[in-house]
Amino acid sequence: MSVKDYIRQRFFPHIWCAGCGHGIVMSNMIRAIDQLGMAKNEVVVVSGIGCSSRITGYLDFHTLHTIHGRALAFATGVKISRPDLTVLVPMGDGDALSIGGNHFIHAARRNIDITAIIMNNSIYGMTGGQHSPTTPFGMKATTATCGTIDNEFDIVNLALGVGASFVARTTTYHPKEVSDILKKAIVHKGFSVVEVMSQCPTYYGRKNNMGYAVDLMTYYKEKTTPMGSKRKQEDPKLIERGIFMEESRPEYAHLCTLTDQRQT
Amino acid sequence: MSVKDYIRQRFFPHIWCAGCGHGIVMSNMIRAIDQLGMAKNEVVVVSGIGCSSRITGYLDFHTLHTIHGRALAFATGVKISRPDLTVLVPMGDGDALSIGGNHFIHAARRNIDITAIIMNNSIYGMTGGQHSPTTPFGMKATTATCGTIDNEFDIVNLALGVGASFVARTTTYHPKEVSDILKKAIVHKGFSVVEVMSQCPTYYGRKNNMGYAVDLMTYYKEKTTPMGSKRKQEDPKLIERGIFMEESRPEYAHLCTLTDQRQT
Amino acid sequence: MESTVKFLQGSETVVEGALYAGLQFYAGYPITPSTEISEILSERLPLAGGKFIQMEDEIASICSIIGSSLTGSKVMTATSGPGFSLMQEGIGYAIMAEIPLVLVNVQRVGPSTGAPTAVAQGDVMQARWGTHGEHAIFCLTASNLQDLFRLTIEAFNLAETYRSPVILILDEIVAHMREKVIVPEAGEIEVVERLHTSVPEGTEYHPYLPREDGRLPMSDFGGKHRYNVTGLIHDMWGFPSNDSKVAYDLLRHLVDKIEHRADSLAQYKEYFTDDAEDLLISYGSSARSALHMVERCRQRGMSVGLLELQSLWPFPKETVKSKCEGRNHVLVVEMNTGQISKEVSQASSEPDKVYLANRFDGAFISPEDIMQILNTVQGKGI
Amino acid sequence: MESTVKFLQGSETVVEGALYAGLQFYAGYPITPSTEISEILSERLPLAGGKFIQMEDEIASICSIIGSSLTGSKVMTATSGPGFSLMQEGIGYAIMAEIPLVLVNVQRVGPSTGAPTAVAQGDVMQARWGTHGEHAIFCLTASNLQDLFRLTIEAFNLAETYRSPVILILDEIVAHMREKVIVPEAGEIEVVERLHTSVPEGTEYHPYLPREDGRLPMSDFGGKHRYNVTGLIHDMWGFPSNDSKVAYDLLRHLVDKIEHRADSLAQYKEYFTDDAEDLLISYGSSARSALHMVERCRQRGMSVGLLELQSLWPFPKETVKSKCEGRNHVLVVEMNTGQISKEVSQASSEPDKVYLANRFDGAFISPEDIMQILNTVQGKGI
Amino acid sequence: MGEKQLKKKIIIDREWCKGCRICVAFCPKKVLVLDEEDKACWKNSEDCINCGLCELRCPDLAIEMA
Amino acid sequence: MGEKQLKKKIIIDREWCKGCRICVAFCPKKVLVLDEEDKACWKNSEDCINCGLCELRCPDLAIEMA
Amino acid sequence: MQTKGIVFSGSGGQGVITASIIMAEAAVIREGLNAVQTQVYGPEARGGATRADIIISDQLIHYPKVINPHVLVCLTQEAYGKFSGIVRPGGLLLMDPHFVRSAHKVNARQVELNMYKGVMERIGKPIVFNICMLGALISMTGLLKAESIISVLKTKIAPEFIELNRAALELGLELGSNSE
Amino acid sequence: MQTKGIVFSGSGGQGVITASIIMAEAAVIREGLNAVQTQVYGPEARGGATRADIIISDQLIHYPKVINPHVLVCLTQEAYGKFSGIVRPGGLLLMDPHFVRSAHKVNARQVELNMYKGVMERIGKPIVFNICMLGALISMTGLLKAESIISVLKTKIAPEFIELNRAALELGLELGSNSE
Ligand SMILES: Cc1ncc(C[n+]2csc(CCOP(=O)(O)OP(=O)(O)O)c2C)c(N)n1
Ligand SMILES: Cc1ncc(C[n+]2csc(CCOP(=O)(O)OP(=O)(O)O)c2C)c(N)n1
Ligand code: SF4
Ligand code: SF4
Ligand code: SF4
Ligand code: SF4
Ligand code: SF4
Ligand code: SF4
Ligand SMILES: [Mg+2]
Ligand SMILES: [Mg+2]
């Protein structure tokens, strides 16, 4: 099918700003689903609140636009009740890791078969550009006009530390990587974390004098490198892309279906 | 001074059950403070809700007994306003990592100079023995009578993944290790995480047929080993004790005092 | 299943009622004095083919049951004061998105951690107004376990019929006491099932378009209709809207579907009210003490009666008003500083005849406590 | 600092007022339409020697300001609907532990995410009853920025005087509009400072023992007195107690210290009320529309007046009652389905003369909206 | 492989395009430009190698290859 | 080193001791026992090597060496 | 039958709560009566004194607490000190000298039975002490039939433990009847 | 002075909000008048049409919104379509033909000024377009003095940009006075 077959066309053009990376994530998330040949009725997309979370309005699946930070908790209820459905949870960095950090680490711990896609623009886009837990130390935002004194999370390290069984990172500059990784993440039986670095030209770019979408994506191109690449060895400051963890472990929603048998 | 000089003796004998590990943690936490020669008026202890959190009632410092899971958030307010004070936050495993998981990871991320002491009994003691995020997979609890299907967090990995600058683990069987590690943790300028495995004979021991306090402490003795020991190499299932991370990095409360200067 | 006589604890009774009503998914986080509900369900629900999960906190608990409800399950959570406060945002979402769910709040002394094991009825107004924004809610309570069993089922029935969260508000005494409960055979008490849309696949389905009877048929996530659910003001398809007409219609609907039925759906019981000169109004465990006192008064020739409220919200104003008519005194018996008493005053045409008989110190109000206040009100002193 | 004329936004006005009152610590989490307060303070507060932190969520925000308040700082947080719901548990703690703090809630359309940028006054009852357990609270509001400046200071003063959280409840219009504000020189408006205990070191200090005038002097964490603070029912030393007498005294104190001052502390304004046959009662931005209409009516010979409430909680019942006396109609103007209107009915000796003029669809209520309802109430049709 | 046959056309939805310039900047063959209304359009179409990157990177789903 | 002088006494607070048996079980010299009221007491006091472990491990702060 | 209020008091490990539930359940399920059971629930419950109230009646029971019990059982010195005063004049106060040394006389029939000692000697398992106490109680009051207790026990415990409990119950019945 | 309602409408990047604030602030701070400024605040604000309302008066201003503006400025076709109908009969409707093609006549003085073109030709920085618009507006209405605008600008922008803004303001004044 074509990408347009998966969207609710009447809401287009979408609300995201010109050059916002979230559209690229959406586009390639659709491609991944299409390439996997999944039926639209088998997919549930759950989002929280944020620019990124507006994605649920656009996608023609079962869509659940919830409250800020709690998407994974809603998704857990969906998945346990219907383990046969594919549950995708696209989130903003604030949604996933600031207010939503607790649900994130616990979903990872349980290894429930949900694909968490973090559309990481290192800023709170929706509310107008405040710093987020992934805003790198020293970068500017409307609540950190001289540069934030907060350290940032490394999403990959965080996900590994809390036990996610699939962990990957890529960027909007690398759209095929996005869909390739997402395909694996979706197929993976367990909790999958996919960080996609996704530009917010309107706030992150502007506040930090980093230019527009093209400049930010160029930055992603230049400052990232495939895992274990030679470039990384030469320049350890580069951010690695790729799949950092992919391990088969007992899955939670499945274990839940067994509990009645275990008891008798 | 003697240990008794640091406690509010009128509330003793304390409320904890016979053999509860929390008393051992308290006792050796006091010894650490005593050995550091700190004045009682310089120490603030903040706790949440749980058996472990009753500790604030017993200690003769500035004590703040807060709400379940939020102790680190309260402590953040104390520390930023009074960076000169020593802020200790003893917590239960549920308090710190279940409902309180988000505050935990963010306090670690910021590297605020607080010492978080997790009195990890792998159970919700206060509410009568439900499984916690550190209850090992398969172990029993009142809400997991056939064994929990939840995976447990490895507190050390978690703390490392979210960026804590001091991370250590020990057990109540090793009381000198408790005070030695705590001394380093308290002196460390930054967020320190100290996991102390602390037995709950009443619920964890009983539900899992693991016996009383002595049996549980024997278990800690046998199933743990110093970091990188030979025993660990021979038996990789052993749990390591020791200091896993100790790194000097910019501290948050201090950075906060600089923000006005940075702006002008 | 035949009707059976059981000797149950309050918490067990809630579990029995919920299972009778067809509970399929429960998520909770332990908290005194509601923990028993989780503990019992962790064993019972999987055996009944349902799913149990202990979530990381109360926020996650209510969110996950909302997710599950959308797949077609009957869902419940249980908590107490602090957890109830934490669930307020989720309750608002369920109100806005019209998600059927049952939330049990076993009250304890507040505010804050208060006295976790002591009895109180201090969360009644919070049940009505705890979440932000204009809204309405159903809230039921019970004083004895036979009624509790029935009202638990009623809570599920209201949730399904009106696509709304329903709060079952209990107190420590009712939740922890044990007494006889006759569990009727299946079918004896009506159980309202999820109303599914009859719109066939391929035809447009409107998740938020009420039928003529006001009900909104649902379609399960994973089923044949794909639609959107949101906590934003939304149109009949479930998509966000900035139109103030849409906002007006939606909010009017959310309030009216509940408030308009305040009296027609009201659940209450009367004891010796026909000729009572003085009327007690009470609910929950307080009503047990009130009834005890009423029976004793009657034995001693005093003309006192009791109206026991089981529906607290929407408040059955007209019902209460008519029951108060012509009494010498109306004495509201509750364990707070007068949360329902204020509603009764407002309902009554003679508010100055409405008095409060209360305790809020964590001790269970006794028949003697009430008797002394009634005496005082009657001008007899204690 | 001399008195200066400024042209400010509502959010900036709150910041100016807070800084005038001596704000030292602010923690917040962004949310529309209150984010500006965080943004402005992130720059202004450090320059004024205070500390600003953006926390991970609203729960952490309120908890951290409580922690800071105990070290002796004047503290504040700001949020909107969903964040306000999340803060309820923390508010209850501050009530129980008697922690001075100011919480700004800029209301938006709810329930749930609702309409984040649209105006509403739907959180008024939540401000009163949002946290679990029996309690009382202060809640102020304002319709114009000059008053808002003063009332922000008043919020800090109440917080310090009565050791209580104080909610400053605003709406999107007031928070985002800009108008003239005269910022007086330091000292012109009274600022109540933290009352510190005079008990010397070594002598027993009772953090929860009221003085004769009812105030409870504090001792800063890190200072010379070590004591305990808890959300449990506690004695005068701050230690947990299971004694029901202690519980009674504490809860009675927590409620009475606020409710007994409902009328003596009441903040309100009157316009043309002396001879008004019809009285409008309003607050927040609704009161601007109401006043506009009243002035127009007066020009046209209609005898209409306005009572503008600035203290919403404790509700100044006696004040409102006396103001309502003898009017033909009382029209409560607000943007919800009648939250304050219900209080007015209850206060008034003629509740059937109380009417509601409202909107709750996210559109700002206009003088015309109110006029049409007044006409209708007067029997003239729209 | 006959190059000609392989070649797909780039269809740009002018209603959806927001003129972000991403496709223009990253087209390996500089095939695309923004017109005076700031909408992307195919200029040196013959140079297009059908790499599809413009389609994959357009945040507005405004580019389709057919 | 004169062993005798070094030796400190073990003081057990019977009010605080809850009889958990930790001190008894882990005393390297088996110096301690529980009495008939389930309170710890010093039995083979001469064997005590003053290692202090009983004090450090007592959860009830019931043991002091002096 | 007249409404009877019974209070069991003791400490956590003695099984008084369990005994109270068994007794009330037997009344309801086996004897067709009404019964309400409540218990003190609180931080005190951990370690400290516990208390369970039972009301048995052929009428509906509303107020679920017992103010002045017809029968009061005290199984620790602390419980005896705290509760012995509430026993109804003319009621029954049952104690076990192993745990309680009676200090003062109350206006009720005060009976001391060596139940613990009996259990340890005859059965050797302290766990069934509470059942022995139940046996003594019903034999002295005639409130319930022994078979009712047994049949409730059968629904609660594994079959292999029934005989143990029956023995304890019978020991209690015997001690109780000897006390007259 | 009579109370005047003014509405600026346009799109996000044009600086209409800033212009409205500067104008209202100038009225208050420099001319001792009262003024209230509000703006449409909503998801529409991102990208879509923005609107700012200003009321200027020597009286107190209560209702802060403008229903029928004395002066309406429309700077996009969308804004023109949406708002042109609200201008007060006899009022002033100001547009820039670079952005708006006037479609229908309104019952008001409709003035089209080539402000954008002028700014680009004479100054070359589109960023000061909004100040030019303010200049035109005050010159046509006499609502405020140009110096008031400049002195407010001085408190808001870096000194090096003042001349740029002054030039834009003067251009506007010139265009406005030519329009009569
Ligand atoms: C409880 C609650 N707190 C705060 C908000 C306000 N809010 C909405 S989205 C958001 C953050 C958005 O940032 P992110 O999740 O990174 O998504 P983005 O917009 O950057 O895609 C915030 C703080 C809210 N809606 N609910
Ligand atoms: C908001 C809230 N939810 C739940 C509770 C109930 N509660 C109190 S302590 C606790 C868990 C205790 O476990 P842990 O933190 O591990 O401490 P422990 O008692 O084991 O030392 C729970 C769930 C509460 N007090 N508040
Ligand atoms: S504000 Fe940023 S994140 Fe939001 S739509 Fe615009 S570019 Fe995207
Ligand atoms: S229940 Fe467990 S954790 Fe709590 S005091 Fe007892 S032993 Fe300790
Ligand atoms: S990438 Fe898409 S939106 Fe951006 S300019 Fe090209 S076609 Fe337009
Ligand atoms: S397909 Fe490739 S070469 Fe062709 S226009 Fe797109 S990016 Fe350029
Ligand atoms: S000091 Fe050491 S040897 Fe002596 S009693 Fe204690 S544990 Fe035993
Ligand atoms: S360790 Fe302490 S509490 Fe335990 S038996 Fe020894 S002295 Fe008693
Ligand atoms: Mg973001
Ligand atoms: Mg624990």
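Sequence lines set the chain letters: A, B, ... in the order given, protein chains first and strands last, and positions in each chain run from 1.
The two atoms that bring D:Ser112 and C:Gly92 nearest to each other are CB-O, 3.6 Å, heavy atoms only. In terms of heavy-atom proximity, D:Gln88 sits nearest to C:Gly130 at CG-O, 4.4 Å.
Contacts of C:Phe360 with chain D are made by both backbone and side-chain atoms, with heavy-atom separations under 4.5 Å. Proximity to chain D is limited to the side chain of C:Ile95, based on heavy atoms less than 4.5 angstrom apart. Both the backbone and the side chain of C:Arg252 come within less than 4.5 Å of a heavy atom of chain D. Contacts of C:Ile59 with chain D are made by side-chain atoms alone, with heavy-atom separations under 4.5 Å and no backbone atom involved.
In this structure, the side chains of C:Leu251 and D:Thr337 stay at 4.5 Å or more apart for every pair of heavy atoms. Contact check for C:Thr113 versus D:Pro240: no side-chain heavy atoms found under the 4.5 Å cut-off. Counting heavy atoms from C-beta on, the side chains of C:Val246 and D:Asp361 never come closer than 4.5 Å.
When each of C:Gln121, C:His132, C:His135 is checked for heavy-atom pairs under 4.5 Å with chain D, C:His132 comes out on top. The candidate with the highest count of non-hydrogen atom pairs below 4.5 Å against chain D, out of C:Leu86, C:Leu232, C:Val255, is C:Leu232. In terms of heavy-atom pairs under 4.5 angstrom with chain C, the leader among D:Glu89, D:Met335, D:His234, D:Arg108 is D:Glu89. Considering only heavy-atom pairs separated by less than 4.5 Å from chain C, the leading option among D:Gly231, D:Pro351, D:Ala247 is D:Gly231. Here D:Pro111 is the residue among D:Pro111, D:Gly110, D:Ala115, D:Gly90 with the most heavy-atom pairs under 4.5 Å with chain C.
Distance alone, capped at 3.5 Å, is enough to place a donor-acceptor pair between the D:Gln346 side chain and the C:Lys342 backbone. When atom types are taken as modelled, the side chain of C:Asp123 and the backbone of D:Gly133 share a donor-acceptor pair closer than 3.5 angstrom. Within the 3.5 Å criterion, the main-chain N or O of C:Ala363 finds no donor-acceptor partner in the side chain of D:Ser244.
Residues of residues 166-173 of chain C placed with any heavy atom under 4.5 Å of a heavy atom in chain D are absent; none qualify.
Looking at residues two or more places apart in sequence or on another chain, you find no salt bridge (Lys or Arg N to Asp or Glu O under 4.0 Å) involving D:Asp57.
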Next on the checklist: For D:Glu134 and C:Gln339: C-alpha separation, side-chain torsions, deciding distance, then whether side-chain hydrogen bond (donor to acceptor under 3.5 Å, both in side chains) applies.
Outcome noted: CA-CA 9 Å; D:Glu134 201 55 60; C:Gln339 300 187 10; 3.0 Å; yes
Item to check | Test side chain to side chain contact (heavy atoms under 4.5 Å, CB included) applied to D:Met125 and C:Arg128, step by step | outcome: CA-CA 9 Å; D:Met125 285 297 282; C:Arg128 174 67 185 89; over 6 Å; no
